[in-house]
2 protein chains.
Amino acid sequence: MADVARVAGVSHQTVSRVIGGHPNVSAKTRAAVTAVIEELGYRRNSAARALATRRTHTLGVIAVNTTLHGPASTLAGVQEAARERGYLTSAVTLRAATEEALTEAVQHLSGWGVEGIVAITPWRDAVRALAALEAPCPVVTVEGGHDLDLPGVSLDQHLGARMITEHLLTAGHSTVWHVAGPADWLESEARTAGWEAALRDAGVEAPPLLRGDWSPLSGYQAGQQLAGRVLSSPGQGDGLTAVFVANDQMALGVLRAFREAGLETPADVAVAGFDDIPEAEFFPPPLTTVRQDFASLGRSSIGLLLEHIEGTAEGTTHLTLAPELIVRASTARRRPTPGD
Amino acid sequence: MADVARVAGVSHQTVSRVIGGHPNVSAKTRAAVTAVIEELGYRRNSAARALATRRTHTLGVIAVNTTLHGPASTLAGVQEAARERGYLTSAVTLRAATEEALTEAVQHLSGWGVEGIVAITPWRDAVRALAALEAPCPVVTVEGGHDLDLPGVSLDQHLGARMITEHLLTAGHSTVWHVAGPADWLESEARTAGWEAALRDAGVEAPPLLRGDWSPLSGYQAGQQLAGRVLSSPGQGDGLTAVFVANDQMALGVLRAFREAGLETPADVAVAGFDDIPEAEFFPPPLTTVRQDFASLGRSSIGLLLEHIEGTAEGTTHLTLAPELIVRASTARRRPTPGD
DNA sequence: CAGCGCCATGTTAGCGCTCACAATTCTCAG
DNA sequence: CTGAGAATTGTGAGCGCTAACATGGCGCTG
C-alpha cells in the first residue's frame, strides 16, 4: 500500500480510502490511485485489515455427513451466500456430532476468529450441546429445531410429512405405514409427527412404526419386514397398501425389498420418500417424494447469521421454509405405463 | 496477550513462546503462563499472527458440483486433512468451471491470502485455464489429468475402466458397449480410453459410443437407444449383452430404460457403473461398479499441496490412486436369486 | 472581502503478534 | 571463587492496515 501511495503521489490513507470506496475522494485522485493499483497488481492484505478493523469477515460452518445430498447442497448454499456478502467461509466436517467433536470444532473456528457459525447439525443432542457451549460468536442452526434459544432456519418437515401422508390417504389408502429415521434426529421426529398428525386428522389409527438409519440398507431391512407382513396376512389384513419412508435412500431399499418379495409398487403397495434426491426420479418406479430446497435453506441461514452479527436481529429468530410435494409413479393408483 | 503477560508477571514475548511451544522456556514459567491463559480464556489473535509471520495458514479449495457424491467426499477429505495439519480451508463452489468463474475464484481466495489452492475441476479446459492463470500460490489439481505441468492427484480411471471391461469380457460377453460421460471431462475420457484399451487387448472392435452428461436422465435416454437396438436386431445381432456406463447415476437411468423395455439385467444385458455411490448396492439389481476412495484422494491432495508450500516438493508431481472393482448382481452370469 | 464551513488529503497512533537482538540469570569446569 | 557459555527472559521494532484527528484549500454568504 505504501508503494501504491508513493507511485500515485498520495498518502497511504488516500489509497485506503479508494479501496474502501470512501466517498470523500476526488474523482481524479480515485482514478489515479486505481490505475496505480492495477499497474502494480496490488491487493490489500486481509490479515492487516482484520487486525486494524477487528473484523475478520470470516464465518464458520459445522456440518455432519457432508457427503449426503442434503447437507452438501445446504453447505453449497451457505458458501455461495457468504461469498456474495463478502465473507470467507470455512467448513468443518464432523464424523459424528458428539459434544466433544462440536466443542473442538467451535474452538477450531473461533481460534481463527470467525464472526459467526452456521451449524448444520440436525441432532437433538448436538443442538443442545451447541446451545450450552457458549460460543464466542453468534451461532445459527440449520434444521436444529425451534425449542432451544438458538436462532435457526429449517424446512417444514412436519408439513412435508403431512402433505405426503394426506396425498396417500386421498389416493384411497385406508392407512399409511411409516419407516422413520433415527429417533435422535430432529428431522426424523418432525416427519414422524407430521405423519401422525395427518393420520389423526383423518381419524385413522397409526400403524406400528419401523425405524431405519437413513441408509438404503436399513430401508431394505424395514422393507423386508413390511413385505413379510403383507404376504403373511391374507386379504391385506393390516391395510398395508401405502408406506411413507422418511427419506429417499431408505425408500430405495424398501423398493428393492418389495420387488424381491414379489410385491409390485405401486400396484400392491405405494411407496413415498422424502428429500427428492436427483436419483429419485429414476428409481424403480420413480419416487413420489417431498422436495426440499436445501440451497435456499443455506442462503437463509447466512442471512440470519449476518443479521445477528451486524446487530439488526431482534432476539432469537426462526425461519421456516415450505417444502414441495413431488408426485411420481410410486404412488400412482394404478400401474404406470412404461415411460411415465 | 499483554493482559496474560501482566497477570503472569512475564513479558508478552514469553507468553508468545509458551503458546508457540518454543523450547527455551522454564517449566515453571510455562506452567504459570499456561494457568493464566486458561484462567483468562485467552486465545491468540490469528490475524495479528498472520500479519507478523506473513503466513496465513489458510488454503483454498475450488470445486464444481459439490452436491454430487464424488466431489463432496473429496472435499470432506481435503478439509479434514487440512485441519489436521493446522490449516484453515475455505471452499468456493462453482456452478460451472468457466475460465471467468475460475479466475474470480482464484482472486477471491488469494484476496484472503491463501497459501495454496486445491482445485477439484475435472474438466480439460478448466485445468488448462487454471494452468494459464498464474495464481499467486501453489495450485494442486484433483482429477486434473497429467498432461499439464500442474501437480495433481487422481484416481486411476483408466485402470478402473479396464478392470470393469475385462470383468465383463471374462464373464463371457463377446463385447462391451459403453455409455460415456461428457467429452470434455478428463475422467470421462480416461474411462473411455480404458474401455477401448481393454477391448483392443482382447482383440474386439469397440462398438459405437453413447454419451451422457452424468445425470440419470441422460443414462435413461442412452438406455432407451440401447434397448431399441437390442429389441430391433433379431438374434442379439450386435452382441449387445453388456454395457459399461461411465458412472452409477447414469447406470441407474440405463437400468430403468432396460426394465421399461422389458429387458432383464443381467439376464439379457449386463450393466456396470463407476463410482460406487452409496445407493449402488440397492439398485435394481445391485450394481457392479468401481469404487473410488474420494476421501483419500482429498487427503493426498493436501499432502502434495503442503509439500509445495513448505518447499519440500521437487517440481511437478502426480499421484495416482488405484480403484477397486466391486462385483454385484448386475453383471452376474445368470439371473440372481432374490436377496442376492 | 472577511469569515464560516465543508471537502479533500495528510499525519499519527495503534490493532496483537513475532522476530531479532540485548540483557539477565544460571551452570559448572578450572 | 571466577568467568565462559548456555539457558532464560526482556526490549524494541515493525508486519500492513484503518480510525481519528489535523490541516489546508475552496466556495459561499452577508
Side-chain angles (χ1 to χ4, degrees), chain A residues 1-37 40-58 86-88 109-115 136-137 310, chain B residues 1-37 39-58 86-88 107 109-115 136-137 310:
Chain A
M1 187 179 257
D3 292 346
V4 174
R6 197 175 321 113
V7 175
V10 297
S11 75
H12 61 120
Q13 179 60 283
T14 300
V15 176
S16 172
R17 282 196 264 260
V18 170
I19 296 175
H22 194 93
N24 290 343
V25 182
S26 74
K28 205 175 65 178
T29 313
R30 185 183 303 275
V33 171
T34 308
V36 174
I37 287 174
L40 267 52
Y42 164 80
R43 336 241 349 202
R44 91 175 136 191
N45 180 316
S46 58
R49 181 173 149 79
L51 185 57
T53 58
R54 296 144 161 280
R55 302 267 275 116
T56 57
H57 280 268
T58 299
Y87 283 79
L88 188 77
L109 290 173
S110 57
W112 285 101
V114 296
E115 295 181 27
C137 58
E310 283 151 15
Chain B
M1 185 179 258
D3 293 345
V4 175
R6 197 174 322 112
V7 175
V10 296
S11 74
H12 60 119
Q13 178 60 286
T14 301
V15 177
S16 172
R17 286 193 186 94
V18 170
I19 295 175
H22 195 92
N24 290 343
V25 181
S26 75
K28 205 176 64 178
T29 313
R30 185 183 303 276
V33 171
T34 309
V36 175
I37 287 175
E39 183 193 329
L40 268 52
Y42 165 79
R43 332 226 15 182
R44 94 173 132 190
N45 179 316
S46 58
R49 182 173 150 78
L51 184 57
T53 58
R54 295 142 164 280
R55 302 265 277 117
T56 58
H57 280 268
T58 299
Y87 283 79
L88 187 78
Q107 293 202 344
L109 290 173
S110 58
W112 285 100
V114 297
E115 295 183 27
C137 59
E310 284 151 15

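Only heavy atoms go into these numbers, but all of them, side chains included; no hydrogens, no water, no symmetry mates. So that the names make sense, note that chain A is the first sequence line, chain B the second, and so on, each numbered from 1.
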_Whole angstroms only, please: what is the NZ-C1' distance between A:Lys28 and D:dC26?_
14 Å
*Nearest 0.5 Å please: distance from the CG atom of B:Asn45 over to the OG1 atom of A:Thr56.*
9.0 Å
*Once you round to the nearest 0.5 Å, how far does OG1 of A:Thr14 lie from CZ of A:Arg17?*
5.0 Å
*Please determine, for the side chain of A:Thr53, which listed nucleotide (D:dT18, C:dC17, C:dG16) has the closest atom?*
D:dT18
_Protein proximity profile, nucleotides 4-11 of chain D - base contact B, sugar-phosphate-only contact S, no contact -, cut-off 4.0 Å on heavy atoms_ = ----BBBB
*Shortest non-hydrogen contact from A:Arg43 to B:Ser110?*
NH1-OG, 3.4 Å
_Integer-rounded Å distance: C:dG16 P and A:Arg49 CZ_ = 17 Å
*Round to a whole Å and report the spacing from CE of A:Met1 to C1' of D:dG14.*
17 Å
_Check whether B:Ser16 reaches the backbone of B:His12 with its side chain - one donor and one acceptor, N or O, closer than 3.5 Å._
no
*asked:* Which heavy atom of B:Ala47 sits nearest to which heavy atom of A:Ala50, and what is that distance?
replied: CB-CB, 3.7 Å
*Please check the phosphate of C:dC15 (OP1 and OP2 only) for any side-chain N or O of A:Arg54 closer than 4.0 Å.*
no
*Heavy-atom pair of closest approach, residues A:Tyr87 and B:Trp112*: C-CZ2, 4.3 Å
*To the nearest angstrom, how far is A:Arg43 atom CZ from D:dC17 atom C1'?*
16 Å
